[in-house]
Amino acid sequence: MELNQDEILCKESTVKRASDRFNINSQLEHLQAKYVGTGHADMSRFEWAVNIQRDSYASYVGHYPLLAYFAVAENESIGRERYNFMQKMLLPCGLPPEREED
């Protein structure tokens with residue numbers, strides 16, 4: 001039994017897709033291990049939202065022009081805005097939901 005050109009290409013692309021999928025998954029696992037904010041498979045929706053909020057507040061505090069913009073918009077001093085953002089980083093999404101025991 002001889003394979004025609006289409007069957008050979010189909011088998012090659014199937015093998016290539018499987019190896020690409022493995023490569024992408026291994027790269028994602030590497031990023032998730034290296035950087036905390038990228039999440040993982042067992043991360044809850046609340047934990048993901050907390051990471052997003054904390055990253056946003058850290059960016060606001062770390063970029064002076066953005067911090068100055070918020071200060072002008074809220075009619076507060078830059079130091080007061082920095083302090084408010086730092087306080088919001090403690091519990092950015094409120095208290096965590098109660099976990100269900102299995």
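- Taking Ile, Leu, Val, Met, Phe, Trp and Tyr as members and joining any whose side-chain heavy atoms lie under 4.5 Å apart, directly or through other members, V72 forms no hydrophobic cluster with any other residue.
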Donor-acceptor pairs are to be reported for all side-chain atoms of residues 60-71 against protein atoms at under 3.5 Å, with residues two or more places apart or in another chain.
unit_1	atom_1	unit_2	atom_2	d
H63	ND1	S59	O	2.8
H63	ND1	S59	OG	3.3

Please output the side-chain donor-acceptor pairs of residues 73-98 that fall under 3.5 Å, not counting sequence neighbours, one pair per line with the distance.
unit_1	atom_1	unit_2	atom_2	d
S77	OG	R80	N	3.1
N84	ND2	R80	O	3.4

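- Clustering of Ile, Leu, Val, Met, Phe, Trp and Tyr side chains at separations under 4.5 Å places V50 together with F46.
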